[in-house]
Enquirer: 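Structure incoming, see below.
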Protein chains: 2
Amino acid sequence: MKTEFLQNWDTQLKKGILPLFVLKALSKKECYGYELIQELKLSAGLEVTEGTIYPLLIRLMKYNLLTSKWVEQPSGIPRKYYQISDLGKKALKEMKSSIQMTMTKIVK
Amino acid sequence: MKTEFLQNWDTQLKKGILPLFVLKALSKKECYGYELIQELKLSAGLEVTEGTIYPLLIRLMKYNLLTSKWVEQPSGIPRKYYQISDLGKKALKEMKSSIQMTMTKIVK
DNA sequence: TATTAATACATTGTATAACAATGTATTAAT
DNA sequence: ATTAATACATTGTTATACAATGTATTAATA
């Protein structure tokens, strides 16, 4: 079992990392929120709850990094699909290069 | 000038990265708080204020990742020197490997 | 048939931690 | 005499992950 310190640290690190992974996932294919939760678990091992992902998607929309559209389903609840915008692609690029610069400093 | 989104992102990312860099710096040599601020700027390009570093050092002490001692100066204000503990070294190691795993996923 | 689980959206309250602002005190420079 | 740099620290604000809760639909199970 992880110490309290390392658990808190994981949470704080996630606050920085998560938006990047969401943008990255959406740059590969459009997703709806619930789908993203499973996608992030699979692709990055990131376990995220609904109370995290929905507010995050709304925030990314607010900054015009995403677009969205409702899609009715043949059966069940309609899904809100999100797409990365041009601004989102630009932000993702900057975030990647920024974090890679930081990483070289950690190893050094 | 960076967008509001990227500025907030930098701040959030720092919350995850900073403890690692502090432990890393102290694993090289013991430092006092004010010195650490300049050390982090030089070694990692991290700009940190006193309102960030002092509470952080207190937090790391709380989790027994650091030890500290006051050192009187021939002139001026006494300095509180911090040393990394064995537990701190262990945490640093885990943090490094955890973050490097995450990083490979970003590149991938 | 009734109950549970999974899907799919969303909000509210709590906790963590960076940061600006402020405070105290000492010493050096202008 | 005033300002800047050094050196400690605390208070209030803000951003954001997360647990908990809520609504609604459909499938599986007991």
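A, B, ... follow the sequence lines: proteins, then strands. Residue 1 opens every chain.
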Enquirer: Taking 4.0 Å as the cut-off, does a side-chain nitrogen or oxygen of A:Y32 come that near to OP1 or OP2 on C:dA8?
Expert: yes

Enquirer: Produce the list of close N/O pairs, under 3.5 Å, pairing protein atoms with atoms of nucleotides 16-23 of chain D; give distances to one decimal.
Expert:
from   : atom 1 : to    : atom 2 : distance (Å)
D:dT16 : OP2    : A:R59 : NE     : 3.1
D:dT16 : O2     : A:K15 : NZ     : 3.0
D:dC18 : OP1    : A:K14 : NZ     : 2.7
D:dC18 : OP2    : A:T52 : OG1    : 3.1
D:dC18 : N4     : A:G51 : O      : 3.4

Enquirer: Given C:dA8, D:dT6, D:dT10, which nucleotide is nearest the side-chain atoms of B:R79?
Expert: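 The nucleotide sitting nearest to the side chain is D:dT6.
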
Enquirer: Atom CD of B:Q73 to atom C1' of D:dA5: distance rounded to whole Å?
Expert: 15 Å

Enquirer: Quick one: A:E72 CD to D:dT25 P, roughly how many Å, whole number?
Expert: 12 Å

Enquirer: Same cluster for A:I84 and A:L87 if Ile/Leu/Val/Met/Phe/Trp/Tyr side chains link at under 4.5 Å?
Expert: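 Looking at the clustering, A:L87 is in the same group as A:I84.
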
Enquirer: Group every Ile, Leu, Val, Met, Phe, Trp and Tyr by side-chain heavy-atom contacts under 4.5 Å, then state whether A:M61 and A:L36 land in the same group.
Expert: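 Yes, same cluster.
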
Enquirer: In whole angstroms, how far is the C1' atom of D:dA24 from the OH atom of A:Y54?
Expert: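 The distance from OH of A:Y54 to C1' of D:dA24 comes to 13 Å, rounded to the nearest Å.
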
Enquirer: Taking CD1 from B:I77 and C1' from C:dT27, how many angstroms apart are they, rounded to a whole number?
Expert: 8 Å

Enquirer: Using five base pairs at each end, measure the axis-to-axis angle across the helix from C:dT1-D:dA30 to C:dT30-D:dA1 and round it to 10 degrees.
Expert: 0°

Enquirer: Could you state whether A:L66 and A:V71 fall into the same hydrophobic cluster, counting links through intermediate Ile, Leu, Val, Met, Phe, Trp or Tyr residues with side-chain heavy atoms under 4.5 angstrom apart?
Expert: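 Yes, because A:L66 and A:V71 connect within a single hydrophobic cluster, where side-chain heavy atoms sit under 4.5 Å apart.
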
Enquirer: Does B:K29 pair with B:E39 as a salt bridge, N-O distance under 4.0 Å?
Expert: yes

Enquirer: Nearest whole Å is fine: how far is C:dA17 P from A:L13 CG?
Expert: 12 Å

Enquirer: Identify whether the distance between the nearest side-chain nitrogen and carboxylate oxygen of A:E94 and B:K2 falls below 4.0 Å.
Expert: no

Enquirer: Could you tell me how far apart B:E4 (CD) and C:dC19 (P) are, to the nearest whole angstrom?
Expert: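 It is 16 Å, rounded to the nearest whole Å.
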
Enquirer: So with a 6.0 Å cut-off around CD of A:Q38, is the heavy-atom count from everything else above 12?
Expert: yes

Enquirer: Flag yes if A:L60 and A:I58 sit in one hydrophobic cluster, no otherwise; membership is Ile, Leu, Val, Met, Phe, Trp, Tyr, and two members link when side-chain heavy atoms are under 4.5 Å apart.
Expert: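 Per the 4.5 Å side-chain linkage, A:L60 and A:I58 are not co-clustered.
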
Enquirer: Whole angstroms only, please: what is the CD1-P distance between B:I17 and C:dC19?
Expert: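 The distance from CD1 of B:I17 to P of C:dC19 comes to 13 Å, rounded to the nearest Å.
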
Enquirer: Please report the shortest heavy-atom distance between B:M95 and B:L20, naming the atom on each side.
Expert: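 Taking B:M95 first and B:L20 second, the nearest heavy atoms are CE-N, 3.7 Å.
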
Enquirer: Figure out the OH/P separation between A:Y34 and C:dA6, and round it to whole Å.
Expert: 8 Å

Enquirer: Among residues at least two apart in sequence or on other chains, which ones pass ring pair (Phe, Tyr, Trp, His ring centres under 6.0 Å) with B:F5?
Expert: A:Y63

